[in-house]
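To start, the structure under review is shown below, and the notes come after it.
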2 protein chains.
Amino acid sequence: MKFEPEALQKQMNHFQNRFRRSGLKLTYQRLEIFHEVAKSVDHPDVETIFKRVRERVPTVSLDTVYRTLWLLLDLELLTTLGPPRERARFEANMSSHHHFVCTKCGMTRDLYSEEFEQLKIPNEVKYLGSVEKTQVQVTGVCWRCSKKVNNLAKKTKELDHEQRE
Amino acid sequence: MKFEPEALQKQMNHFQNRFRRSGLKLTYQRLEIFHEVAKSVDHPDVETIFKRVRERVPTVSLDTVYRTLWLLLDLELLTTLGPPRERARFEANMSSHHHFVCTKCGMTRDLYSEEFEQLKIPNEVKYLGSVEKTQVQVTGVCWRCSKKVNNLAKKTKELDHEQRE
DNA sequence: CTGACTGCAAAGGGTTTGCAGTGCT
DNA sequence: AGCACTGCAAACCCTTTGCAGTCAG
């Protein structure tokens, strides 16, 4: 394994420990799938994870990717953006953070903010349920898309798939 | 039409004006579908909207509901929670507001908060794109689900469908 | 009246499942 | 070696599309 940032190493260790403790089998596929999500910064969906993993592990099947991702969610090694299951986008960053999302292409990046961490929950929430976390989503248009819009004069109304870096 | 709160009336008028101006045809189905979303408070998905509308308009077909909802999104008469298209949940509340979401059943309700309206956007966003809006999502467990969890001692791991009021 | 809209049915695309073979512990 | 896991293919949704009849303007 080539050099990786300390944080990613830590995550991979946590992943391995979690599997050992749970009695589940730590297969090559599972490791590669988690690793792919953990190292990515763009919150890929199932299809994207599949394609990327396949570059290194040409034999993985799409359904293994599905089964593994749902498993990793159950183990709380991953979370999804928005509602769980179906067309979800994944992230391995389990620490408190927030998101910037491009309305045109869906590009999503993590944000950190002192202020966002200290929001006062409105009173009305008391009548709805108990609070686990609070997440801010900043929505807008990424630079790449705003260039496009200017050039094409909003000719294409279609949403592109997310542009990767 | 029976009595409806002023706000809903206003929304329905806006809806009708929007159609007249756009040259699109204001059909019974379109009116009923918009009305269903506008009066609901739980951010229903396509299937749910279809079932509810069908109670009053037994002949509507599912594909008309799809076509109408996408049209209403284009007209900016509706928005979706989370990413657009596919398995979306809809809302007709176009004013700035926030959400409480139950992680167990998906129950979603609107929140209003002075503080949430005045968040300072982190600097890093400048490198990502231009900002259109900022929305806070408070995640937790609704009262109904927390009762259930206590009673059943987390026997069921399945996510229920959202409970309606 | 006429073109836009609806309903139907069939196609399309993403996700899940059953099963036989494989491989982790 | 045993049993969980994988890969394959078929099944199973949910969503979209083509077409003929219908209806709002």
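Within every chain, numbering begins at 1; the chains are lettered A, B, ... in the order of the sequence lines, protein sequences first and strands thereafter.
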| said: Base, sugar-phosphate or nothing for Leu26(A)? Non-hydrogen atoms, less than 4.0 Å. | reply: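 Sugar-phosphate only.
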| said: Over all strands shown, is Arg30(B) touching base, sugar-phosphate only, or nothing at heavy-atom distances under 4.0 angstrom? | reply: sugar-phosphate
| Residue pair Cys102(A) / Val141(A): nearest heavy atoms and the distance that separates them | SG-CA, 3.9 Å
| query | Phosphate oxygens OP1/OP2 of dT6(D): is one of them under 4.0 Å from a side-chain N or O of Ser61(A)? | reply | no
| query | OP1 or OP2 of dT6(D) sitting under 4.0 Å from any side-chain N/O of Thr59(A)? | reply | no
| task | Would you write the dot-bracket representation of DNA chain D, where each base gets (, ), [, ], | or . depending on whether it forms a Watson-Crick or G-U pair under 3.5 Å and with which partner? | result | |||||||||||||||||||||||||
Distance, rounded to the nearest Å, where [X] contributes [atom1] and [N] contributes [atom2]:
| X | N | atom1 | atom2 | result |
| --- | --- | --- | --- | --- |
| Lys51(A) | dG14(C) | NZ | P | 9 Å |
| Leu62(A) | dG14(C) | CG | P | 9 Å |
| Asp63(A) | dC12(D) | CG | C1' | 14 Å |
| Trp70(A) | dC5(D) | CH2 | C1' | 18 Å |
| Phe50(A) | dC8(D) | CZ | P | 9 Å |
| Asp74(A) | dC5(D) | CG | P | 12 Å |
| Leu69(B) | dC14(D) | CG | P | 15 Å |
| Leu71(A) | dA4(D) | CG | P | 14 Å |

| query | Is a donor-acceptor pair below 3.5 Å formed from side chain Arg20(B) to base dG25(D), judging by atom type as modelled? | reply | no
Is [X] reaching over with its side chain to a backbone N or O of [Y], donor-acceptor style, under 3.5 angstrom?
| X | Y | answer |
| --- | --- | --- |
| Gln29(A) | Thr64(A) | no |
| Arg89(B) | Leu81(B) | no |
| Glu124(B) | Tyr112(A) | yes |

| Is any side-chain N of the basic residue among Arg56(B) and Glu36(B) closer than 4.0 Å to the acidic one's carboxylate O? | yes
| query | Is the CD atom of Glu76(A) crowded by more than 12 outside heavy atoms at less than 6.0 Å? | reply |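 Result for CD/Glu76(A): open.
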| Quick one: on DNA chain D, does Thr27(B) or Leu24(A) contact a more 5' nucleotide (nearest heavy atom)? |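 The residue closer to the strand's 5' end, by nearest nucleotide, is Leu24(A).
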| Relative to the 5' end of DNA chain C, which residue comes earlier, Val46(A) or Arg54(B), by the nucleotide with the nearest heavy atom? | Arg54(B)
| request: By nearest nucleotide on DNA chain C, pick out whichever of Gln29(B) and Lys25(B) is the more 5' one. | output: Lys25(B)
| Once the angle between the rings of His97(B) and His99(B) is folded into 0 to 90°, is it parallel (under 30°), tilted (30 to 60°) or perpendicular (over 60°)? |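 Judged by the thresholds at 30° and 60°, the geometry between His97(B) and His99(B) is perpendicular.
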